[in-house]
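Have a look at the structure below, then the notes.
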Amino acid sequence: MRRIVNGPEMKTLDRYTIDRMGVPSCVLMERAALAVVDEMERHFADTKQKERILCVCGGGNNGGDGVAIARILHLHGYTAEIYMMGNPDHRTEETRRQLEIAGNYQVPLVNNLELREYTTIVDAIFGVGLDRAIEGRYRDVLSAMNQASAWKVAVDLPSGVSSSTGEELGIAFHADLTVTFAFGKTGLCLYPGKMFAGRVVTADVGIYENPELLPEKGVLEKKDLRKIPKRIANGNKGTFGKVLIVAGSKGMCGAAYLCAEGAFAAGAGMVKILTDEENRIPLQTLLPEAMFADDSSGEDTWSDAARWCDVIVIGPGLGQSEKSTQKTESFLSFAQRMGKPVILDADGLNLLSKNPTWKKYFHGSQVICTPHLGEMSRLSEEFISKKPESSRSLSEKQVSRLSIPEIQKDLIGTAEKFAMQNGVVCVLKDASTVITGPEDDFCWINQSGNPGMATAGSGDVLSGILAGVLCTFLSEHDGRVKLTEMAALGVFLHGLAGDRAAQDKGTYGMKAGDIAKAAAKVLRERENMLEYI
């Protein structure tokens with residue numbers, strides 16, 4: 001797991017390193033500048049973009065980094081120049097010092113911005129502290145920088161990207177490369193900030209974990225798949241978990257099939273699909289390994305199915321009929337009484353938005369809700385007007401429902417608030433999915449996956465993979481991996497499977513079924529990795 005931070009957290013870590021650990025700020029600035037230059041020189045080895053370089057610098061410490069970068073490049077023999085922005089009286093002490101040093105080494109300082117003359121432009125205008133829209137001269141300069149044909153490098157964070165949300169603050173620099181310092185930044189993991197950053201490199205500059213500032217956000221790495229327990233040698237199909245999928249309305253069996261495929265691919269030992277009788281033949285033809293249960297048999301049969309399973313998935317292709325409404329409430333009630341984990345997805349969430357009193361079944365339960373942005377907008381009617389129980393980031397709005405653009409501006413705040421107020425794990429699905437739960441303040445931001453996963457049925461495969469991952473923890477779960485982290489592992493695996501599917505089929509041609517099949521390949525690679533641990 002890699003920790004990520006926002007602007008205020010980074011400033012706290014920076015201050016701790018300077019004040020408590022005794023590392024001078026000028027040393028940190030020099031290391032940051034050297035890290036950027038190293039990465040630029042790796043790129044310059046095979047390009048002509050090294051011919052003329054301009055560092056556009058603001059008056060804050062980010063600008064000081066930029067001045068130091070220009071000076072190091074100059075001393076390495078490149079034609080590197082500095083363009084300063086802002087009021088000279090408002091420059092930080094560190095930036096003033098860097099300008100004095102650059103002057104001593106005769107690094108050129110230009111007054112006229114002729115961007116077409118440069119082959120590389122370095123953005124060092126604003127750092128992680130920016131919290132307002134960019135206007136006036138700064139906006140004009142950033143617009144001109146974006147239009148230039150030069151290769152573009154951002155220092156720590158592209159100017160105009162919110163370090164906390166990834167939002168574009170009026171205008172943002174469009175970088176080809178971003179070298180960020182010490183920790184990944186939240187705004188570089190969320191869109192559109194991730195899109196503006198280009199390729200991101202996180203450089204070690206001498207700032208490390210602060211024991212007084214606990215991690216709040218992180219991203220998973222491939223090595224984290226080791227947390228998924230090995231399959232025990234003397235197990236059987238029951239040992240590895242039984243998944244009940246309440247899905248698929250009349251004539252709509254595709255979502256149920258894809259969900260079941262995902263559950264098997266992620267390690268579930270047994271899968272039973274409870275759906276309309278009309279779906280029996282196609283489902284048993286497509287997936288004979290799955291068991292079938294007729295949903296018209298009544299609540300006694302439903303109750304037996306709930307007792308049989310270890311994990312319940314409710315919603316894929318379920319529809320919103322009266323029978324679907326009855327089934328959804330019944331299985332939420334069964335799960336609460338029997339202590340079974342539930343993954344509530346798709347039409348299960350749409351029905352929840354119409355029946356908010358069902359949230360009473362969440363209390364004391366293990367529920368994972370997996371809304372996409374439209375579903376979260378519908379669900380937000382219930383929680384938006386309530387006052388949050390902590391100082392989390394979503395601001396109060398006197399409206400009946402959050403719009404999709406409002407949710408996208410604050411994915412983390414929206415997911416955290418929904419999870420806290422409802423006592424569930426929230427998997428808020430977007431290009432960078434956010435996973436957070438009610439038991440602590442930790443939030444996962446998924447970085448696996450690709451645009452090819454925006455295809456029909458991908459979410460159904462995810463709900464199945466989540467169920468399969470939960471099953472893998474049944475035999476060996478020791479409490480160290482919480483439900484939120486299990487959900488994050490499932491989302492991460494789903495994204496890795498999408499990346500693997502894209503290698504085989506391309507982002508245009510891949511389908512949801514390809515993702516399910518690829519998940520098994522990813523876990524096979526994990527097994528190979530574990531053999532060498």
Side-chain angles (χ1 to χ4, degrees), residues 10-11 13-15 17-19 21-44 49-115 117-130 138 141 145 150-159 173 175 177-182 201 203-207:
M10 190 64 229
K11 287 186 174 182
L13 290 163
D14 186 77
R15 200 75 255 161
T17 303
I18 295 168
D19 294 343
M21 306 311 292
V23 181
S25 61
C26 60
V27 172
L28 297 176
M29 187 169 284
E30 194 73 8
R31 291 193 63 173
L34 284 166
V36 176
V37 170
D38 285 347
E39 201 60 42
M40 290 175 68
E41 289 187 317
R42 289 191 186 96
H43 177 82
F44 287 158
Q49 291 162 341
K50 58 189 173 186
E51 291 179 359
R52 193 172 181 190
I53 305 163
L54 179 67
C55 293
V56 184
C57 306
N61 284 352
N62 191 254
D65 294 336
V67 173
I69 290 165
R71 184 240 309 156
I72 295 168
L73 288 168
H74 173 78
L75 292 172
H76 285 193
Y78 299 98
T79 301
E81 300 168 341
I82 301 166
Y83 179 80
M84 295 300 302
M85 295 195 67
N87 187 335
D89 295 336
H90 296 164
R91 291 171 186 162
T92 64
E93 186 59 37
E94 288 84 354
T95 299
R96 293 176 195 271
R97 184 182 298 116
Q98 288 294 344
L99 278 168
E100 181 180 351
I101 297 170
N104 292 338
Y105 282 102
Q106 299 181 339
V107 183
L109 194 67
V110 300
N111 296 318
N112 297 316
L113 200 62
E114 295 292 342
L115 293 171
E117 298 177 1
Y118 297 94
T119 56
T120 291
I121 297 171
V122 177
D123 161 35
I125 303 174
F126 297 110
V128 296
L130 184 69
Y138 288 103
V141 168
M145 290 165 67
W151 185 57
K152 302 177 181 71
V153 180
V155 178
D156 205 15
L157 192 78
S159 292
F173 183 66
L177 167 70
T178 297
V179 181
T180 195
F181 306 135
V201 174
D204 180 358
V205 297
I207 300 173

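Count residues from 1 along the sequence.
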Heavy-atom side-chain contact between His43 and Leu177 under 4.5 Å:
no

Is a side-chain donor-acceptor pair under 3.5 Å present for Glu94 with Ser25?
yes

Distance-minimising heavy-atom pair for Ile82 and Ala102:
CD1-CB, 4.0 Å

Does the side chain to side chain contact (heavy atoms under 4.5 Å, CB included) test come out yes or no for Asp65 and Asp156, once each step is laid out?
CA-CA 9 Å; Asp65 294 336; Asp156 205 15; 5.6 Å; no

Interatomic distance, CD1@Ile121 vs CG@Leu115, rounded to 0.5 Å, equals 4.5 Å

Taking the side chain as every heavy atom from C-beta outward, state whether Gln98 and Thr95 have any atom pair closer than 4.5 Å.
no

With Ile125 as reference, evaluate Tyr83, Phe173, Tyr138 under the side chain to side chain contact (heavy atoms under 4.5 Å, CB included) test and give the passing residue.
Tyr138

Which atom pair, heavy atoms only, marks the closest approach of Ala80 to Ala70?
CB-O, 3.6 Å

Interatomic distance, Arg71 atom CZ to Ile69 atom CD1 [nearest 0.5 angstrom]:
10.0 Å

How about CG on Asp89, more than 12 heavy atoms from neighbouring residues, nucleotides or ligands closer than 6.0 Å, or not?
yes

CG-OG1 distance between Leu13 and Thr17, expressed to the nearest 0.5 angstrom
6.5 Å

Criterion side chain to side chain contact (heavy atoms under 4.5 Å, CB included) on Tyr78 and Val37, from CA distance to verdict
CA-CA 11 Å; Tyr78 299 98; Val37 170; 5.8 Å; no

Decide side chain to side chain contact (heavy atoms under 4.5 Å, CB included) for Ser159 and Leu130; before the verdict, give the C-alpha distance in whole Å, the side-chain angles of both, and the deciding distance to 0.1 Å.
CA-CA 8 Å; Ser159 292; Leu130 184 69; 5.8 Å; no

Determine, for Arg97 against Glu100, whether the closest basic-nitrogen to carboxylate-oxygen distance falls under 4.0 angstrom.
no

Check against side chain to side chain contact (heavy atoms under 4.5 Å, CB included), Met10 and Ile207
CA-CA 9 Å; Met10 190 64 229; Ile207 300 173; 3.8 Å; yes

Rounded to the nearest 0.5 Å, how far apart are CG of Leu73 and CZ of Phe44?
6.5 Å

Is the closest side-chain heavy-atom distance between Met84 and Leu99 below 4.5 Å?
yes

Are the side chains of Met145 and Lys152 in contact, using a 4.5 Å heavy-atom criterion?
no

If every non-hydrogen atom of Ala33 is compared with every non-hydrogen atom of Ala68, which pair is closest and at what distance?
CB-CB, 3.5 Å

CG on Asp123 to CG on Leu54, rounded to 0.5 Å
11.0 Å

Side chain to side chain, Phe181 and Val36, heavy atoms closer than 4.5 Å:
yes

Give a yes or no answer on whether the side chain of Thr119 reaches the backbone of Arg52 with a donor-acceptor pair at less than 3.5 Å.
yes

Identify, with sequence neighbours excluded, every residue that meets side-chain contact (heavy atoms from CB on, under 4.5 Å) alongside Leu34.
Glu30, Ile72

Hey, are the side chains of Met40 and Val122 touching, using non-hydrogen atoms and a 4.5 Å cut-off?
yes

How far apart are the closest heavy atoms of Thr120 and Gln49, and which atoms are they?
OG1-O, 2.6 Å

Using a strict threshold of under 4.0 Å (side-chain N to carboxylate O), is an ion pair present between Lys50 and Glu41?
no

Minimum heavy-atom distance between Gly86 and Arg91, given as atom pair plus value
O-NH2, 4.5 Å

Of all the heavy-atom pairs spanning His74 and Pro108, show the shortest one and how long it is.
ND1-CD, 4.2 Å

dist Tyr118:OH -> Thr79:OG1 (nearest 0.5 Å) comes out at 10.0 Å

